[in-house]
Amino acid sequence: MTVKNALREIDLPPLWLALFAAAVWAVGWALPLPIPFSHPIGYALVLCGFVLTMVAAAQMVLARTPLIPRRKPGRLVTGGVFALSRNPIYLADALILAGLVLVWDAALAAPLVPAFMALITRRYIRGEEVAIATLFGPEYQAYRARTRRWL
């Protein structure tokens, strides 16, 4: 395996989520800005994110299509949580990050959430959409017309 291939294998959204979460934690540690009632809301967002990830992952496993980005999809999953978002796992990651902003009193780090979403869109979603459109053609176009990318 080449170094480029090895880096590609570890270039996964959870790694980016961890890096952004570390940045959120650092901001909260260095410049805490508590907001009333933010902790329960933050924990609820983190929990919703984890649940959404598990539900979407289970749907993908049951459909026998890979969870790992940049792998050839075996099937177009459009029901369940995929009827609410074309990218429910990425949405879950954004919910988790937003929740951590609140839990760690890192309100000044809130712009990292849309920055994370932009990075994920550019680095993963756009390429995945091209591959899915190529494989599933009109079926994907119909799904895309009725279901938004994020929410």
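Computed over heavy atoms, backbone and side chain alike; hydrogens, waters and symmetry mates excluded. Throughout, numbering of the chain's residues begins at 1 and tracks the sequence.
In this pair, Phe20 and Phe116 present their aromatic rings perpendicular. The plane angle is above 60°, beyond the 30 to 60° band. Ring geometry for Trp25 versus Trp29: interplanar angle under 30°, hence parallel rather than tilted (30 to 60°).
For the atom pair CD1 (Ile125) and CD1 (Ile132), the distance works out to 10.0 Å, reported to the nearest 0.5 Å. Between Asn87 atom CG and Glu128 atom CD the span is 6.5 Å, to the nearest 0.5 Å. Between atom CE of residue Met117 and atom CG of residue Leu91 there is a gap of 7.0 Å, rounded to the nearest 0.5 Å. Between the OG1 atom of Thr147 and the CG atom of Leu84 there is a distance of 8.0 Å, given to the nearest 0.5 Å. Here the CD1-CG distance, from Ile89 to Leu52, works out to 8.0 Å after rounding to the nearest 0.5 Å. The structure places OG1 of Thr65 at 8.5 Å from CG of Leu76, a figure rounded to the nearest 0.5 Å.
Linking ILVMFWY residues whenever their side-chain heavy atoms come closer than 4.5 Å, directly or via other members, leaves Val27 and Leu19 in distinct clusters. Grouping the Ile, Leu, Val, Met, Phe, Trp and Tyr side chains by contacts below 4.5 angstrom, directly or via other members, places Ile96 apart from Met54. Ile35 and Leu108 are not part of a single hydrophobic cluster, where members link through side-chain heavy atoms under 4.5 Å apart. Note on Leu33 and Ile41: separate hydrophobic clusters, where clusters join Ile, Leu, Val, Met, Phe, Trp and Tyr whose side-chain heavy atoms are under 4.5 Å apart, directly or indirectly. Taking hydrophobic clusters as Ile, Leu, Val, Met, Phe, Trp and Tyr residues chained together by side-chain heavy-atom distances below 4.5 Å, Val113 shares a cluster with Phe50.
Residues Tyr140 and Arg86 meet the side-chain proximity criterion, which asks for heavy atoms closer than 4.5 Å. Looking only at side-chain heavy atoms (C-beta outward), Trp16 and Tyr124 come within less than 4.5 Å of each other.
Partner Leu45 forms a side chain to side chain contact (heavy atoms under 4.5 Å, CB included) with one of Leu100, Leu102, Val101 and no other, that one being Leu102.
One N or O on the side chain of Tyr143 and one on the backbone of Phe82 form a donor-acceptor pair closer than 3.5 Å. When atom types are taken as modelled, the side chain of Gln59 and the backbone of Val77 share no donor-acceptor pair closer than 3.5 angstrom.
Among all heavy-atom pairs drawn from Ala57 and Leu67, the shortest one is CA-CD2, 3.6 Å. Listed here is the closest heavy atom pair of Tyr90 and Pro13: CE2-CG, 3.4 Å. A pairwise comparison of heavy atoms in Ser85 and Pro88 identifies O-CD, 3.3 Å as the closest pair. Shown here for Pro66 and Lys72, the closest heavy-atom pair between the two residues is CG-O, 3.3 Å. Closest approach of Val103 to His39, counting heavy atoms only: O-NE2, 3.2 Å.
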**Report entry** From CA spacing to verdict: side chain to side chain contact (heavy atoms under 4.5 Å, CB included), Val51, Val55
**Finding:** CA-CA 6 Å; Val51 169; Val55 170; 4.2 Å; yes
Report task. Decide side chain to side chain contact (heavy atoms under 4.5 Å, CB included) for Ile120 and Trp150; before the verdict, give the C-alpha distance in whole Å, the side-chain angles of both, and the deciding distance to 0.1 Å. Result -> CA-CA 11 Å; Ile120 292 297; Trp150 283 94; 4.2 Å; yes
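A 6.0 Å sphere centred on CZ of Arg146 holds more than 12 heavy atoms belonging to other residues, nucleotides or ligands.
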